[in-house]
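In this chain, numbering begins with 1 at the start of the sequence shown.
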Amino acid sequence: MAIDPYIGLAPGAAGSPESSSVSLFDRLQDLLRSLALAPPAPPQRHFFIPDEVERLYRLDGAAGIDDQTWNDLLLESYEEKLAPRASIFARQVLHRRLRAGIDDAACVAQRARLQALMDDPARLDAIDASLSPLRHADAEVAGLLFQDTAPTIPWWPRWLWLLPLALLLSLAALATLPLGWMLTLAALTPLMALQMRLHRPLEEWAATIRALHALLRATSLLGGQGGQLLEPFVAARPRAERLHLRLARSLSLRMIPGAIQYADWFAAANVTFYFKTLRIVHAERALLRECYLACANLEADVALVRHLASIGRWCWVERGDARTLVLEGGIHPLMERPVALSVALEGKGAFVSGQNASGKSTFLRMVGLNAIAARAFGFCYATRACLPAVPVRASMQNEDSLLGGESLYMAELRRAKELLDAAGQPPGICLIDEVFRGTNHLESVSAACAVLEQLAGRDLVLVSSHNLVLAPLLREPLAPFFIDTASGQPVLAPGVLRNPNGIALLASQGFGAEIESRAAEVARWLSSHLVEPAPPQSSSFKALATSSQATAL
């Protein structure tokens with residue numbers, strides 16, 4: 001017998017003395033359902049495309065992390081790590097927090113909720129169990145609930161009762177008239193056509209109704225627990241239970257094996273139910289939105305607590321001003337064996353150099369992800385942190401596009417213009433890896449210097465590059481750092497890299513002594529001929545002139 005596991009309400013729900021406003025008929029229905037229900041199967045992991053996970057954030061219209069930053073910092077993978085068992089409801093809320101961040105008051109409230117759940121593991125487990133119906137949902141409903149567009153109901157559904165009546169009359173004619181079968185065929189044709197024409201909308205709506213039942217079921221279960229953390233659910237519980245029943249198919253149909261299928265095909269019961277519940281859902285959007293936000297936010301909090309319990313290093317973040325960034329022992333949570341690095345910036349950004357494969361890009365991603373987590377959740381992956389609650393913008397994986405007709409350098413220029421347009425509106429953290437790789441060395445350095453000077457005047461900029469000549473040029477807005485790997489353990493140290501390993505790596509990759517020797521010869525020649533004898537008299541070029549080491553390759 002196929003019975004929906006979401007239809008039965010919790011013990012003490014619609015049929016309990018606590019819900020006196022529910023009719024005796026509803027109580028009897030609940031009793032019959034509880035007797036008929038089989039134990040629900042454990043929820044499976046449903047697949048949702050990124051557009052569905054982003055739906056709530058997009059509907060908000062809030063400014064947040066742009067798509068390139070999201071991809072450059074591998075935030076989709078981080079999102080999966082945050083909540084591997086979460087429903088689509090919690091994933092949408094977590095996505096919105098990650099993208100848009102939360103203000104100071106919301107951050108304080110969220111920290112209090114998370115701490116309360118951490119301090120009471122038994123309560124956490126009970127809440128998690130009550131949230132489990134949400135994980136059965138295989139459709140997202142944020143688009144339905146948070147858009148104000150009224151559903152379009154055609155005129156003809158009110159006359160659907162004529163179709164099964166015509167079928168019954170044709171069956172009577174079949175027994176009395178020689179050609180009665182033609183009348184039966186004529187009565188069946190519109191019924192079959194209706195099912196074929198509306199098959200996809202009906203299937204999609206059935207998934208939507210299942211998701212709404214999961215939402216109302218979770219609200220009922222949580223409301224039955226009570227307590228300060230669950231006060232919104234206690235208030236919404238009676239209304240949620242009544243709506244839960246109104247959105248259910250007829251009890252008699254669900255109790256009889258195969259009855260629903262016969263009623264759908266020969267009486268268009270599913271079509272009638274579709275238009276009926278479409279009106280109900282639209283009329284009850286306020287309640288459904290309330291249940292959605294309460295359940296989704298609570299499940300998101302539970303997911304964060306479970307995540308933190310699985311992470312060895314994390315801390316609550318102190319929020320600082322837009323030009324202050326302190327991370328002590330910061331790690332990247334996506335790495336299996338992360339290396340902790342510390343950085344402290346006050347007023348200035350950072351120019352980061354380092355040998356090939358020393359971890360410059362990973363360092364930038366670590367800073368970016370921790371800043372985003374701090375802005376969204378109030379914690380980060382470090383032993384101590386003071387981070388600004390500002391947007392993060394990144395340019396780390398620019399590529400050429402054959403289909404788009406865009407070269408690497410043009411892609412880099414487009415992204416640089418996007419960063420300049422967004423810089424300072426509001427102030428943020430800007431992460432740039434290997435700026436302007438797509439053109440010659442001279443013009444790369446020149447363009448990078450000009451763009452980074454402008455960006456650093458508006459945002460807190462962290463840039464990594466192998467063009468070490470940029471370090472003295474940008475000494476005023478960007479403090480120089482390099483990743484020192486001499487001890488075997490990477491450390492972020494002040495200064496500029498003195499021992500690049502680009503040529504040395506030729507040997508490790510088996511290029512041969514002749515190529516290695518020639519490369520070293522060219523490097524020595526370039527080092528002695530790229531010095532400008534009389535640079536222009538600006539502060540940045542004066543810095544270049546006083547540093548003979550700045551032109552090392």
Side-chain angles (χ1 to χ4, degrees), residues 4 6 46-67 70 86-100 133-134 136-160 193-219 232 236 239-249 264 268-297 299-300:
D4 195 325
Y6 304 124
H46 294 290
F47 174 78
F48 294 93
I49 62 174
D51 182 64
E52 292 174 315
V53 177
E54 296 171 4
R55 191 70 50 80
L56 181 66
Y57 164 71
R58 300 295 183 191
L59 289 171
D60 276 352
I65 297 171
D66 61 52
D67 290 340
W70 183 266
S87 72
I88 181 61
F89 305 98
R91 292 173 66 189
Q92 288 178 325
V93 164
L94 289 170
H95 185 90
R96 182 176 65 173
R97 292 186 199 175
L98 276 173
R99 285 272 195 167
L134 299 179
H136 289 274
D138 56 349
E140 78 85 22
V141 296
L144 172 71
L145 300 182
F146 293 93
Q147 286 179 326
D148 292 326
T149 306
T152 302
I153 308 293
W155 61 269
W156 51 263
R158 71 186 67 176
W159 303 106
L160 282 175
L194 202 59
Q195 295 298 323
M196 290 185 288
R197 174 67 179 83
L198 296 177
H199 174 73
R200 182 160 185 172
L202 292 173
E203 289 293 313
E204 292 175 350
W205 187 248
T208 298
I209 289 295
R210 288 195 298 271
L212 294 177
H213 277 308
L215 197 61
L216 296 168
R217 165 82 165 157
T219 302
R239 293 175 294 150
E241 290 171 351
R242 288 193 293 271
L243 182 57
H244 194 72
L245 293 172
R246 292 175 65 196
L247 293 178
R249 297 292 293 268
D264 290 347
N270 55 345
V271 179
T272 303
F273 178 76
Y274 169 61
F275 288 111
K276 170 192 168 185
T277 52
L278 202 59
R279 294 188 189 95
I280 294 173
V281 168
H282 182 70
E284 297 289 347
R285 279 177 306 151
L287 172 60
L288 290 168
R289 288 173 180 174
E290 181 184 341
C291 294
Y292 175 98
L293 292 174
C295 288
N297 279 293
E299 191 189 8

Query raised in the report: Do Arg58 and Asp51 meet the salt-bridge criterion of a basic N to acidic O distance under 4.0 Å?
Result: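 Here Asp51 does not pair with Arg58 in a salt bridge, since their nearest N and O are not under 4.0 Å apart.
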Validation row: [X], [Y] side chains within 4.5 angstrom (heavy atoms):
{"X": "Thr219", "Y": "Cys295", "value": "yes"}
{"X": "Gln195", "Y": "Asn270", "value": "yes"}
{"X": "Trp205", "Y": "Leu144", "value": "yes"}
{"X": "Leu160", "Y": "Leu194", "value": "yes"}
{"X": "Phe275", "Y": "Pro154", "value": "yes"}
{"X": "Leu98", "Y": "Ile65", "value": "no"}
{"X": "Val141", "Y": "Phe89", "value": "yes"}
{"X": "Leu216", "Y": "Leu247", "value": "yes"}

Report task. Would you indicate whether Arg197, at its atom CZ, is surrounded by more than 12 heavy atoms from other residues, nucleotides or ligands within a distance under 6.0 Å? Result ->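 At most 12 heavy atoms, drawn from other residues, nucleotides or ligands, come within 6.0 Å of this atom.
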Looking at every non-hydrogen atom in both residues, tell me the closest pair between [X] and [Y] and how far apart they are.
{"X": "Asp60", "Y": "Arg96", "result": "OD2-CD, 2.6 Å"}
{"X": "Leu287", "Y": "Ala240", "result": "CD2-N, 4.1 Å"}
{"X": "Arg249", "Y": "Ala269", "result": "NH2-CB, 3.7 Å"}
{"X": "Leu134", "Y": "Ala214", "result": "CD2-O, 3.7 Å"}
{"X": "Glu290", "Y": "Ala236", "result": "OE2-CB, 3.7 Å"}
{"X": "Tyr57", "Y": "Ala63", "result": "OH-C, 4.2 Å"}

Report task. Would you list the pairs meeting side chain to side chain donor-acceptor pair (under 3.5 Å) in which at least one residue belongs to residues 86-95, sequence neighbours left out? Result ->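 Listed once each, the pairs are Glu79-His95, Glu80-Arg91, Ser87-Glu299, Gln92-Glu140, Gln92-Tyr292, His95-Arg99.
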Measuring from [X]:[atom1] to [Y]:[atom2], what's the distance to the nearest 0.5 Å?
{"X": "Arg217", "Y": "Leu215", "atom1": "CZ", "atom2": "CG", "answer": "13.0 Å"}
{"X": "His213", "Y": "Leu245", "atom1": "NE2", "atom2": "CG", "answer": "9.0 Å"}
{"X": "Asp138", "Y": "Phe48", "atom1": "CG", "atom2": "CZ", "answer": "6.5 Å"}

Requested in this report: Test side chain to side chain contact (heavy atoms under 4.5 Å, CB included) on Leu243 and Ile280 and set out the steps.
Outcome: CA-CA 9 Å; Leu243 182 57; Ile280 294 173; 3.6 Å; yes
**Report entry** Residues forming a side chain to side chain contact (heavy atoms under 4.5 Å, CB included) with Leu59, sequence neighbours excluded
**Finding:**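 Result, side chain to side chain contact (heavy atoms under 4.5 Å, CB included) vs Leu59: Arg55, Phe146, Gln147.
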Requested in this report: Would you please say whether a donor-acceptor pair under 3.5 Å links the side chains of Arg97 and Asn297?
Outcome: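 Indeed, the side chains of Arg97 and Asn297 share at least one donor-acceptor pair under 3.5 Å.
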Requested in this report: Please step through side chain to side chain contact (heavy atoms under 4.5 Å, CB included) for the pair Ile88 and His46, ending with a clear verdict.
Outcome: CA-CA 8 Å; Ile88 181 61; His46 294 290; over 6 Å; no
